[in-house]
Structure formats: structure tokens, C-alpha cells
Amino acid sequence: MKILKKNKWNIEENQVTPEVYFYNRRKFLSSTMLTISSAGLSLTGFPSFANSKDYPLSFKNNTKYKTERKITPEEINGKYNNFFEFGSHKEIWKKASKLKLRPWEIIIDGMVEKKISIDIDNLIKSMPLEERVYRHRCVEAWSMVVPWIGFEINHLINLAKPIGNPKFIQFESFLDPSVASGQKQYWYPWPYTESLTFQEAKNELSFIVIGAYGKKLVPQHGGPIRLAVPWKYGFKSIKSIKRITFSDKRSNTFWESLQPKEYGFWANVNPDFPHPRWSQSTERVLGSDKRVPTLIYNGYEEFVSNIYSGMKLSRKLFM
Ligand code: MTE
């Protein structure tokens, strides 16, 4: 997933993302927001932990989503990451360690009963945490297996109390070029954004991740909070989320704005639909030179194929 600086498709900065969309995002940070953490309160009535000392994560193991593959050693995938905010190569872990993970507020807005801003530790403490071992398949044809800790998006939807009939949930990462030098590269439409249909978000597999390998999520994996949607190519699993917006409109996402024919909105894993520049039929397992066959929906067909049953299974769904 390399974006070269001066290719023909490199368009001017103001053309990368429609300006209306880009600037409107900031307007959401409006004064009418309910700021729960600053009042030391929470949505669910537990006390604020924003300033408290570190605490251990308590979670149950959920073994429903079995994978026949071995968990990727932490030292391997902790040093092989995609996090374009810190560079367009894989060795970003040192640079990413500059990202300050506390305090960290997350805004939930759009079609919800009330805009809210919640402190990450309050959110973590309010959620039923589980560990799930998921496969992760990058669009670049490498894969890993990670024991994520987190909670289903369904729990976040309950917290957000959507109103009307939202069709999409949009996710937005942090924006701080003083920490993330990649964000000085004007040809990218920062901040990183992603989106799921409401139906996809409600699927039992859609997971908000706040930890991995038994502890809180480290910066290079998208700490303190990221997505894991394992049946889609990895770029859908947005890292370091700052804002979650319920909407009835589909907005352009980061990669889709840049290269819609290569990194589209749906991005469901399918070995039979090659990327325009390479095959998707096999994948390299991180930590080995082995290539293994890629599976439809990354092996999660039984859980997600119903989402797309009424839709034409065209190239668009898998790109
Ligand atoms: N999220 C943000 N904010 N920035 C990114 O560059 N890269 C995506 C996804 N989420 C990315 C992101 C891609 S392409 C992949 S494959 C995964 O994160 C990589 O996750 P990992 O580094 O934890 O393996």
C-alpha cells in the first residue's frame, strides 16, 4: 500500500478530499458537546478513572472465533506495522511511541441522542471486555493472528443511543502533525478515516480493540483504541480513534479518497478478485516465509455472508 509522491494521480491538496467534508469534521467539535469526563462522571454511573493510576485489564476469553493458525509472536508484529501517520514503511514502532495515549477523549456524535465525549479509561471500565483471537489480512497480502482485547461495537451502539435511522458509522483517527510527521504530507487526506455500514458494525465480529497480548494497546497497533473487522482488508481496521459519528450518509474514507479503484469502501477479503496490481489468492504469514491460500471473507464467511446476500457479488464488494 505504497503511495508515491509525484505520480500523475497526485492531485492538489485541496482536491484530495472535498473541502466541505474536510472542514465540516472540525465543526463537530462544537460547544454543545456533553463532556462527561471533565465532570468526573460517566454515562454508566461509574467514577472517572481519567486521573487514576494504571489498572490491569480484566477480560474473559471468547473462543468462539477459532483460527487454526498460530498467534503471531508479539515481537514480530509489534515491529511490522502500517501506520501512515508515522511513515509509509513498516518500521514505525519507535516513531509511534511518541503518540501520547493518555489523556484520550473519544467523541461520539452525529445521529445520537446526545453528543458525548468520553475518556478512554472510563470507556474501557464500562465495557464487557473479551479476548478474541482474530486473523488479520492486509490488502498487501500479508497476514497475522492477534489476541485482541476489546468489546463488540454493539456495546458502543448501546452507549451512543442512536436516533433516527443511521446507515453508517464513521471513524476518525487523531490529527497531530507535531507528533505524527506523516501528517505533514499534504497529499494525504488527514486525519485517517474509515466507515462501516450500520449493519456491518452490528455484526458480532465487529470489534473495538483496546488491548492485545493481555495488556493495553501499544501505539504502533493503534493505541489506545482501534477497530478490528477481520473479514475485511486491514486498512478498514482504523487505529487510534478519536471520533465516532453515526450518519445516514456514506462519507469518503481515507484510502477511498486517494485510490478508489484499489482501496474501496467495501474491501471484503476475496481471493478471486485480484488487486489491480497483485493477486489476492495467497498471503504471507508474518513471521514465516510461508504463503497460504487466502480465504473468502478471510475465513469468516459463516458470520458475515448474510450481510451481502442481497447484493451483487461484484468486484466492487471486494475492492
Ligand atoms: N489506521 C490508521 N490510523 N493509519 C494507518 O495507516 N493502516 C491500516 C490499519 N489502520 C492504518 C490504520 C492498515 S493498511 C493495516 S494493514 C492495519 O492498520 C495494520 O495494523 P497493525 O499495524 O496493527 O498490524
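First listed ligand is number 1; within each ligand, the first listed atom is number 1. Residues: numbered from 1 along the sequence shown.
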Side chain Lys216, main chain Tyr55, donor-acceptor under 3.5 Å:
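Here the side-chain-to-backbone pair exists.
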
Within the distance-only criterion (no hydrogens, no angle test), does the side chain of Asn61 pair as donor or acceptor with the backbone N or O of Thr63 below 3.5 angstrom?
no

Counting only nitrogen or oxygen atoms and a 3.5 angstrom limit, does [X] reach ligand 1?
X: Phe84; answer: yes
X: Tyr80; answer: no
X: Trp255; answer: no
X: Arg226; answer: yes
X: Trp148; answer: no

Does ligand 1 have an atom under 4.0 Å from some heavy atom of [X]?
X: Ser237; result: yes
X: Trp93; result: no
X: Glu194; result: no
X: Glu140; result: no
X: His136; result: yes

I need the atoms of ligand 1 closer than 4.0 Å to a non-hydrogen atom of [X], numbered in the order shown.
X: Trp142; answer: 16 (S), 24 (O)
X: Ser173; answer: 3 (N)
X: Cys138; answer: 16 (S)
X: Asn81; answer: 21 (P), 22 (O), 23 (O)
X: Ile238; answer: 1 (N), 10 (N)
X: His221; answer: 21 (P), 23 (O)

Given that the side chain starts at C-beta and the backbone is N, CA, C, O, which of these parts of Phe171 lies under 4.0 Å from ligand 1, counting heavy atoms, or is it both or neither?
neither

Candidate list Ile238, Val209, Ile241, test side chain to side chain contact (heavy atoms under 4.5 Å, CB included), partner Ile225, passing option:
Ile241

Between Tyr308 and Tyr297, does the ring centre distance come in under 6.0 Å?
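Between Tyr308 and Tyr297, the centre distance is under 6.0 Å.
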
Quick check on the 6.0 Å ring-centre criterion: do Tyr80 and Trp93 meet it?
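Aromatic pair excluded; centres sit 6.0 Å or further apart.
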
Smallest separation among heavy atoms of Leu317 and Trp266, with atom names:
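Answer, listing the atom of Leu317 first, then Trp266: O-CB, 3.3 Å.
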
Minimum distance, heavy atoms only, to atom 11 (C) of ligand 1: which one of Phe254, Tyr188, Phe235, Tyr192 is it?
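Selected option, by shortest heavy-atom distance: Tyr192.
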
From Arg137, Lys239, Lys242 - option closest to atom 18 (O) of ligand 1 by heavy atom
Lys239

So for atom NZ, which belongs to Lys242, do other residues, nucleotides or ligands contribute more than 12 heavy atoms lying within a distance under 6.0 Å?
yes

Name the one of Tyr233, Tyr192, Tyr263 that satisfies side-chain hydrogen bond (donor to acceptor under 3.5 Å, both in side chains) with Trp255?
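Testing each of Tyr233, Tyr192, Tyr263 against Trp255, the sole residue satisfying side-chain hydrogen bond (donor to acceptor under 3.5 Å, both in side chains) is Tyr192.
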
Look at the aromatic rings of Trp278 and His275 and report parallel, tilted or perpendicular, splitting at 30° and 60°.
parallel

Show your working on side chain to side chain donor-acceptor pair (under 3.5 Å) between Lys90 and Asn81 and close with a plain yes or no.
CA-CA 5 Å; Lys90 303 287 183 263; Asn81 303 93; over 6 Å; no

Do Glu283 and Arg69 sit within salt-bridge range, that is, some charged N less than 4.0 Å from a carboxylate O?
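Yes.
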
Establish, for the pair Lys236 and Phe265, whether the NZ or CZ atom is under 6.0 angstrom from the six-membered ring centre and no further than 45 degrees off its axis.
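Yes, cation above the ring, under 6.0 Å and within 45°.
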
